[in-house]
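Below is one structure. I have some questions about it.
Only heavy atoms go into these numbers, but all of them, side chains included; no hydrogens, no water, no symmetry mates.
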Amino acid sequence: MTFGENKCIGFYATRYVRGIDFEEASKIAIDSVQNELQLNSNVLNSKENPVIVVVEEIFKLPYFKKQLSPGVGFTFYLENDA
């Protein structure tokens with residue numbers, strides 16, 4: 001993606017997923033983010049510099065929270081702002 005110049009950017013994304021454990025939930029969340037990024041034609045990374053997606057935090061939510069939508073979208077920031 002470009003923001004005036006070709007600079008590295010990062011992003012945060014929140015996803016609500018169900019999994020049998022934290023590992024499965026992390027994989028489902030990462031797959032969701034990667035699929036959304038692939039649908040976005042603005043991603044300019046080359047094969048030598050792929051987009052890296054990591055789970056920073058994971059929380060187990062109470063039962064009533066399971067009705068939340070999975071979430072979409074991203075919050076972007078310039079890498080030097082992090």
Side-chain angles (χ1 to χ4, degrees):
M1 307 186 111
T2 58
F3 288 91
E5 300 177 27
N6 288 337
K7 292 185 175 183
C8 290
I9 60 169
F11 66 88
Y12 288 98
T14 300
R15 298 295 182 265
Y16 298 100
V17 299
R18 293 178 85 174
I20 59 171
D21 56 23
F22 287 140
E23 187 173 299
E24 182 185 33
S26 293
K27 181 180 178 346
I28 293 168
I30 288 172
D31 288 347
S32 169
V33 168
Q34 288 177 327
N35 288 337
E36 190 173 343
L37 285 172
Q38 287 176 359
L39 294 174
N40 186 334
S41 62
N42 292 325
V43 176
L44 302 175
N45 289 53
S46 66
K47 290 181 182 178
E48 296 79 30
N49 186 24
V51 174
I52 298 170
V53 180
V54 296
V55 173
E56 203 168 270
E57 293 181 280
I58 190 165
F59 301 97
K60 185 174 183 177
L61 297 175
Y63 175 75
F64 67 92
K65 296 285 186 178
K66 292 180 183 178
Q67 303 305 316
L68 295 170
S69 66
V72 294
F74 307 94
T75 301
F76 294 98
Y77 62 90
L78 293 175
E79 190 174 74
N80 59 355
D81 291 345

What distance do Arg15 atom CZ and Ile30 atom CD1 have between them, rounded to the nearest 0.5 Å? 11.5 Å
Spatial distance of atom CD (Gln34) from atom CD1 (Ile52) [nearest 0.5 Å]: 10.5 Å
Ser26: side chain to side chain contact (heavy atoms under 4.5 Å, CB included) partners, not counting sequence neighbours: Val55, Ile58
Same cluster or not: Leu78 versus Val51, using hydrophobic residues (I, L, V, M, F, W, Y) connected whenever any side-chain heavy atoms lie under 4.5 Å apart? yes
Gap separating the OG1 atom of Thr14 from the CD atom of Glu57, nearest 0.5 angstrom: 9.5 Å
Which atom of Gly73 lies closest to which atom of Ala13, heavy atoms considered: O-CB, 3.7 Å
Is there a chain of hydrophobic side chains (I, L, V, M, F, W, Y, each step under 4.5 Å between heavy atoms) that links Val53 to Phe22? yes
Hydrophobic clusters here meaning ILVMFWY residues chained together by side-chain heavy-atom distances under 4.5 Å, can you tell me if Val33 and Phe76 are in one? yes
Suppose we screen for ring pair (Phe, Tyr, Trp, His ring centres under 6.0 Å). Which residues come up paired with Tyr12, at least two apart in sequence or across chains? Tyr77
